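Here the structure is laid out as structure tokens; the discussion comes afterwards.
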Amino acid sequence: MTERIIVGYDAKRIVRNATGLGSYGRTLVNDLSQSQPSLQLRLYAPDQGRDDLRRQVCEHENIRFCYPAKSSLPFSKALWRTRGIISDLQRDGVQIYHGLTGELPIGIHKSGIKSVVTIHDLIFLRHPEYYHWLDTKIYAWKFRQTIQEADHIIAISECTKRDIMAYSNVDESRISVIYQSCSITDLTGGQARGDVPRYILSVGSIEQRKNILLAVKALHHLPEELSLVIVGRHTPYTDEVSAYAASHGLSHRVKIMHGVTNEELPALYAGAEAFVYPSRYEGFGIPIIEAISCGLPVVACTGSCLEEAGGPDALYVDPDDDEAMAHAISQVLRGAEGREERIRRSRDYIRRFQGNDVAGQVADLYRSML
């Protein structure tokens, strides 16, 4: 009989963050709850957060949300998450605490509770120009504090592991690369409308680091009937992209969409000819995996971890070379030689990111720590 293990989680972003870090936490605990019934999962959140996000967590008998006692003191929730949570973990018999988003409570190393932290990226150290200077200082301090507290570190890619070792003195034996699982089934099965013109698709926050302007510039070298659909959160960089398209006669070929729901995404994937992700730096690259799972060939950029996410049959170009981007896109459009084989091999490649396999690796790590 498998030993029962009580695992606590930092669930703040599970109940508050709709994308990225929140999705990672929800997907992981859902996969663990279903495939690892011997694990008792306790999700520690400062409050109930958003009802719609909390409801995305499966209702299983081995999952329970835990909240701090109510307090009228200012910053009580932040203080609880930083320090006070440890007494709650001890009270509840938690044996392992998992910081899902790069943070651990101060003092957990001395509490007798084993701890593991997932570090997604160190972009704030690698490319501080994309952050406010004060944020980089805070993030850097949290990183140094966390790696001192952690018994073990999960890096979500080899790229992130290299960065951890480059910016700290952490022994390599304390780091495991466990890829991020991807909840992709909700994006499959969409049907494209027959009257939609030809387009390539990009999904992700429209910010400077994501570098979508490269794909806009590539349109100059691609057939006039081909458009670019950009789906993501608006930032000041979005206005820069729109201004470039307007001043270079490309506005009619660039469609920017905000607030697209999960129910609307499948049709966008189904109608696209290819997926572009020209980001300059990522900790992983979940949108690439989602695109491949939906049957799209991918063009991305070199310089970070995107080759790990997309595998050898996606195409990668320099993040400043719009002509190379255009040439790569032309190689994966409908009718291009080898397109279907490229898609098939890419789909085979991303099977390694299926949820149960990732959950199994994480569960094995928990057991090894005890």
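All figures in this text were calculated on a predicted structure; none of them were measured in a lab.
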Show me the donor-acceptor pairs within less than 3.5 Å that the side chains of residues 217-226 make with the rest of the protein, sequence neighbours left out.
{"unit_1": "His220", "atom_1": "NE2", "unit_2": "Tyr244", "atom_2": "OH", "d": "3.1"}
{"unit_1": "His221", "atom_1": "NE2", "unit_2": "Asp322", "atom_2": "OD2", "d": "3.0"}
{"unit_1": "Glu224", "atom_1": "OE2", "unit_2": "His252", "atom_2": "NE2", "d": "2.8"}
{"unit_1": "Glu225", "atom_1": "OE2", "unit_2": "Arg198", "atom_2": "NH1", "d": "3.1"}

Is the closest basic N to carboxylate O distance between [X] and [Y] below 4.0 Å?
| X | Y | result |
| --- | --- | --- |
| Arg162 | Glu158 | no |
| Glu103 | Arg81 | yes |
| Glu207 | Lys210 | no |
| Asp357 | Arg352 | no |
| Asp320 | Arg280 | yes |

Consider only side-chain N and O atoms of [X] and [Y], and report whether a donor and an acceptor are under 3.5 Å apart.
| X | Y | answer |
| --- | --- | --- |
| Tyr281 | Asp121 | no |
| His120 | Thr160 | no |
| Asn30 | His60 | no |
| Gln56 | Arg50 | no |
| Glu149 | Thr146 | no |
| Ser227 | Arg253 | no |
| Tyr179 | Glu308 | yes |
| Ser304 | Arg209 | no |
| Ser87 | Gln90 | no |

Would you indicate whether [X], at its atom [atom1], is surrounded by more than 12 heavy atoms from other residues, nucleotides or ligands within a distance under 6.0 Å?
| X | atom1 | answer |
| --- | --- | --- |
| Glu172 | CD | no |
| Glu59 | CD | no |
| His327 | NE2 | no |
| Lys114 | NZ | no |

Are [X] and [Y] connected, step by step, through hydrophobic side chains (Ile, Leu, Val, Met, Phe, Trp, Tyr) whose heavy atoms are closer than 4.5 Å?
| X | Y | value |
| --- | --- | --- |
| Leu43 | Ile85 | no |
| Leu21 | Val117 | no |
| Ile156 | Ile288 | yes |
| Tyr9 | Leu370 | yes |
| Leu100 | Ile96 | yes |

Would you call [X] and [Y] a side-chain contact if the rule is heavy atoms closer than 4.5 Å?
| X | Y | answer |
| --- | --- | --- |
| Arg126 | Asp163 | yes |
| Tyr316 | Tyr277 | no |
| Leu104 | His109 | no |
| Gln36 | Arg367 | yes |
| Leu306 | Phe284 | no |
| Trp80 | Tyr44 | yes |
| Val254 | Ile256 | yes |
| Arg54 | Phe65 | yes |

- From Ile292 atom CD1 to Ser346 atom OG, the distance as rounded to the nearest 0.5 Å: 4.5 Å
Minimal non-hydrogen separation, [X] against [Y], with atom names:
| X | Y | result |
| --- | --- | --- |
| Ser33 | Asn62 | O-ND2, 3.2 Å |
| Ala150 | Ser115 | CA-OG, 3.4 Å |
| Val299 | Met325 | CG1-SD, 3.5 Å |
| Ala336 | Ser330 | CB-O, 3.9 Å |
| Tyr199 | Ala272 | OH-N, 3.3 Å |

- Derivation of the side chain to side chain donor-acceptor pair (under 3.5 Å) call for Ser293 and Glu290: CA-CA 5 Å; Ser293 74; Glu290 291 176 341; over 6 Å; no
- Task: State whether the side chain of Ser368 and the backbone N or O of Leu365 hold a donor-acceptor pair below 3.5 Å, judged by distance alone.
- Result: yes
- salt bridge (Lys or Arg N to Asp or Glu O under 4.0 Å) partners of Asp171, counting only residues at least two apart: none
- Message: Taking ring-ring contact (aromatic ring centres under 6.0 Å, His included) as the definition, give me every residue that meets it alongside Tyr366, ordered by chain and number, with sequence neighbours left out.
- Response: His98
